[in-house]
Amino acid sequence: DLDVVSVDIEWGGMDYTYTEGTWNTDTHSYDNSGWDDEGSGYVKVTNSGNADTTAEFIFESDREEISGSFTDGADTVSAPLDIAAGQSRTAYLRLSGEPADNLNNTKIGTVTVKIGGE
């Protein structure tokens with residue numbers, strides 16, 4: 001039998017909104033500021049082949065002030081995730097940094113998924 005690597009990739013909408021939050025007069029800073037994706041910032045990889053593989057998730061920001069990293073829902077994902085045959089793994093993109101200007105339906109970066117390989 002040949003080892004077959006086959007994956008299905010499901011993309012969330014990757015829709016993010018930045019909120020400045022509310023001004024706290026006691027601390028002279030904003031409370032509850034940051035990015036919200038309303039559950040749309042994810043990539044799910046399902047291994048539909050018969051061989052184990054890996055998936056690496058990469059975010060490249062187009063803006064100096066905004067960065068991003070992936071989590072598995074709890075922990076930061078900084079290395080390729082192992083995906084056994086018949087299994088799925090989901091990575092969630094978390095953004096940080098305050099936009100330097102108003103953004104409206106603006107691309108802020110690129111997500112790349114690398115399957116298997118070195």
Side-chain angles (χ1 to χ4, degrees):
D1 289 347
L2 292 174
D3 284 346
V4 176
V5 173
S6 178
V7 298
D8 297 307
I9 301 176
E10 176 186 329
W11 293 88
M14 297 286 178
D15 296 319
Y16 291 82
T17 302
Y18 183 83
T19 304
E20 285 187 346
T22 54
W23 183 253
N24 184 324
T25 55
D26 294 332
T27 63
H28 297 282
S29 63
Y30 288 99
D31 293 335
N32 302 316
S33 63
W35 292 95
D36 183 10
D37 65 0
E38 296 185 11
S40 74
Y42 70 90
V43 182
K44 179 180 179 182
V45 178
T46 302
N47 184 347
S48 53
N50 65 10
D52 296 348
T53 191
T54 61
E56 181 179 2
F57 303 88
I58 303 159
F59 175 73
E60 294 178 39
S61 181
D62 292 344
R63 304 180 68 88
E64 287 181 13
E65 75 276 17
I66 300 172
S67 61
S69 61
F70 287 93
T71 73
D72 62 7
D75 300 317
T76 299
V77 173
S78 56
L81 296 177
D82 294 324
I83 308 175
Q87 300 297 309
S88 297
R89 298 294 296 269
T90 302
Y92 303 89
L93 177 60
R94 301 293 177 237
L95 297 179
S96 59
E98 182 177 346
D101 49 83
N102 289 333
L103 306 176
N104 186 9
N105 291 322
T106 304
K107 178 185 168 199
I108 58 171
T110 303
V111 172
T112 303
V113 179
K114 289 184 179 181
I115 304 298
E118 300 300 315

Check [X] against [Y] and note the closest heavy-atom contact, atom names and distance.
| X | Y | answer |
| --- | --- | --- |
| Ala85 | Ala51 | CB-N, 4.1 Å |
| Ile115 | Val45 | CD1-CG1, 4.0 Å |
| Leu103 | Pro99 | CD1-CB, 3.9 Å |
| Asn50 | Leu2 | ND2-O, 3.2 Å |

Practice prompt. Under the ring pair (Phe, Tyr, Trp, His ring centres under 6.0 Å) rule, collect the residues that match up with Trp11, sequence neighbours excluded.
Written response: none
Item to complete: Rounded to the nearest 0.5 Å, what's the gap from CD on Glu38 to CG on Asp15? Could you check?
Response: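 It is 8.5 Å, given to the nearest 0.5 Å.
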Worksheet item: About how many Å separate OG1 of Thr54 and CG of Leu81, when rounded to the nearest 0.5 Å?
Response: 8.5 Å
Fill in: Selection residues 36-68 - residue pairs positive for ring pair (Phe, Tyr, Trp, His ring centres under 6.0 Å), sequence neighbours left out
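Of all non-adjacent pairs touching residues 36-68, those that pass ring pair (Phe, Tyr, Trp, His ring centres under 6.0 Å) are Phe57-Phe70.
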Discussion item. Taking side chain to side chain donor-acceptor pair (under 3.5 Å) as the definition, give me every residue that meets it alongside Ser6, ordered by chain and number, with sequence neighbours left out.
Written reply: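 With sequence neighbours excluded, Ser6 shows a side chain to side chain donor-acceptor pair (under 3.5 Å) to Ser48, given in chain and number order.
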Tabulate below the donor-acceptor pairs under 3.5 Å that side-chain atoms of residues 87-95 make, not counting sequence neighbours, or state none.
| unit_1 | atom_1 | unit_2 | atom_2 | d |
| --- | --- | --- | --- | --- |
| Ser88 | OG | Thr46 | OG1 | 2.8 |
| Arg89 | NH1 | Asp82 | O | 2.9 |
| Arg94 | NH1 | Asp37 | OD2 | 3.3 |

Practice prompt. Using atom types as modelled and distance alone, determine if a side-chain donor or acceptor of Asn47 lies under 3.5 Å from a backbone N or O of Val7.
Written response: no
Worksheet item: Going hydrophobic residue to hydrophobic residue with side-chain gaps under 4.5 angstrom, can you get from Ile108 over to Ile58?
Response: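 In one cluster: no.
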Pairs of donor and acceptor atoms involving the side chains of residues 18-26, under 3.5 Å and at least two apart or interchain, shall be tabulated with distances.
| unit_1 | atom_1 | unit_2 | atom_2 | d |
| --- | --- | --- | --- | --- |
| Asn24 | OD1 | Asp26 | N | 2.8 |
| Asn24 | OD1 | Thr27 | N | 3.1 |
| Asn24 | ND2 | Asp31 | OD2 | 2.8 |

Worksheet entry | Minimum side-chain heavy-atom gap Lys107-Asp62 below 4.5 Å |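 Lys107 vs Asp62: side chains touch.
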Worksheet item: Of all residues at least two apart in sequence or in a different chain, which pass the salt bridge (Lys or Arg N to Asp or Glu O under 4.0 Å) check with Asp101?
Response: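 Salt bridge (Lys or Arg N to Asp or Glu O under 4.0 Å) check on Asp101 returns Arg63.
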Item to complete: Before giving the answer on side chain to side chain contact (heavy atoms under 4.5 Å, CB included), spell out for Thr112 and Glu56 the whole-Å C-alpha distance, their side-chain angles and the decisive distance to 0.1 Å.
Response: CA-CA 8 Å; Thr112 303; Glu56 181 179 2; over 6 Å; no
Worksheet item: With distance as the sole criterion, is a donor-acceptor pair present between the side chains of Ser67 and Ser61 under 3.5 Å?
Response: no
